[in-house]
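Atoms within a ligand are numbered from 1 in the order they appear, just like the ligands themselves. These numbers come from the heavy atoms of this one structure, side chains and all, not from hydrogens, waters or symmetry mates.
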Amino acid sequence: METGISRRRFLGISASALGASIAAGAPQASAQAGRRPNFIVIFTDDMGYGDLGCYGHPTIRTPHLDQMARDGLRMTSFYVAAAVCSPSRAALLTGRYPVRCGMPGNTGPGSDKHLPESEITIAQALRDGGYRTMAIGKWHLGHQRPELLPTGRGFDHWFGLPYSNDMRQPWVQTDVPLQLYRDTEPIENPVDQDTLTERYTEEAVRFIEVGGDEPFFLYLAHSMPHLPVRTSDRFRGTSDAGLYGDVIETIDWSVGRIRETLRVKGIEDNTLILFTSDNGPWLNLPDRMLQDGNEWWHTGSPGPLRGAKGTTYEGGFRVPMIACWPGVIPAGSESHDVASTMDFLPTLLTAAGADLPVDRTLDGVDIMPLLKGEAEVPHEYFYYFLGSNLQGVRNGDWKYRKENESAEAELYHLGRDPGERYNVASQEPDVTQALAEQMRVFGEAVTRP
Ligand code: MG
């Protein structure tokens, strides 16, 4: 079933007006008969648009994710708000562009950058509403003080790494050990990365199994397939796509294990699962990463898209997205509408009957009508930031891109040219000019204090 390809007009709604209308919108309690839904967000690291069977990969086998797509919705124009790790995560958890939520760049072992404590995360809002919450996997939103860890940001519990799995010698020059945490305590050093995906999965299963009737929010942010890619003996060497394929197929196994747990517990019909990635593949990795067993081909594929992690071409920002909620999201549906991880906060809070923050601009909107196939999402524009530098805007099928003041203006029609091969800026001067102006206005508005 098609939910309709966006063919939106240029309406010229200002960013601030759009934001204000969202923030002022009354929450729609869609929880059915007092039985509030569970939410599972599965967020992979550096997995590309083309890495799954159901997104066209020729050799990586992902039967569980393919089945989840058949049971739910597969999206083809789904975005993250940044093409690198920390800001992408900040935007997902706050519903706001990284420049707006104070996390435009990455943090790491030697950095005290963190998600500002004034920001409200999905977990905080849901926990305040009575949800059990748990973060499993990579955090990467601050770690220098216990209050900055997941347990200080709305999660009852956390099991995982404070930042990326490569942030140790020899790939990153730091003396700070990379350690596995449970809540606020380091419990393993060095970290056995071979078994991380399996251990994250067993933690997830346990979290789902132990709960009573209260609803839960599980944020499972896999450390994989970020370099160094690792998996356990039983998966290593099993994929036709080599070690990278082994790692994606381990994640696929994990999805199957989690869905089976929901089935056994009888809560599959009351649980929304969202599966996506934090940014595109690290095709442009620096030489320092090619040590200690890492190879060029240990990275993913952007499929037909141009660019990679760390760029504002589609390959950096557009990611697989599968949403599954049996009985609510029509099975086998597909959408080409533009949506993003910033929509998760308003969507989940609304479905839970929780209040949306009204004292700040949210960039996301409730996309449940889109997930259900009932309506398009009123996103006029999607913006592509590299750090604090706004480099692109999408409206309908049109994407305008300009890296900096002196760079060439680029205009692509993403419908007929998803690979951004044909710059038609000179053939479409009106569209180019309108989008350039829209980008300028939004860039000024979003960075204004
Ligand atoms: Mg990443």
Proximal heteroatom of [X] relative to the Mg ion (ligand 1) (N/O/S):
X      : value
Asp278 : OD2
Asp45  : OD1
Asp46  : OD1

If the threshold is 4.0 Å, N to carboxylate O, is there a salt bridge linking [X] and [Y]?
X      : Y      : value
Asp156 : Arg132 : no
Arg89  : Asp45  : yes
Glu410 : Lys399 : no

For this session: Tell me yes or no: between the side chains of Thr44 and His222, is some donor less than 3.5 Å from an acceptor?
Result: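 Result is no, nothing qualifies.
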Problem set entry | Rounded to 10 degrees, the angle OD1 of Asn279 makes with SG of Cys85 at the Mg ion (ligand 1) |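 Seen from the Mg ion (ligand 1), OD1 and SG are separated by roughly 100°.
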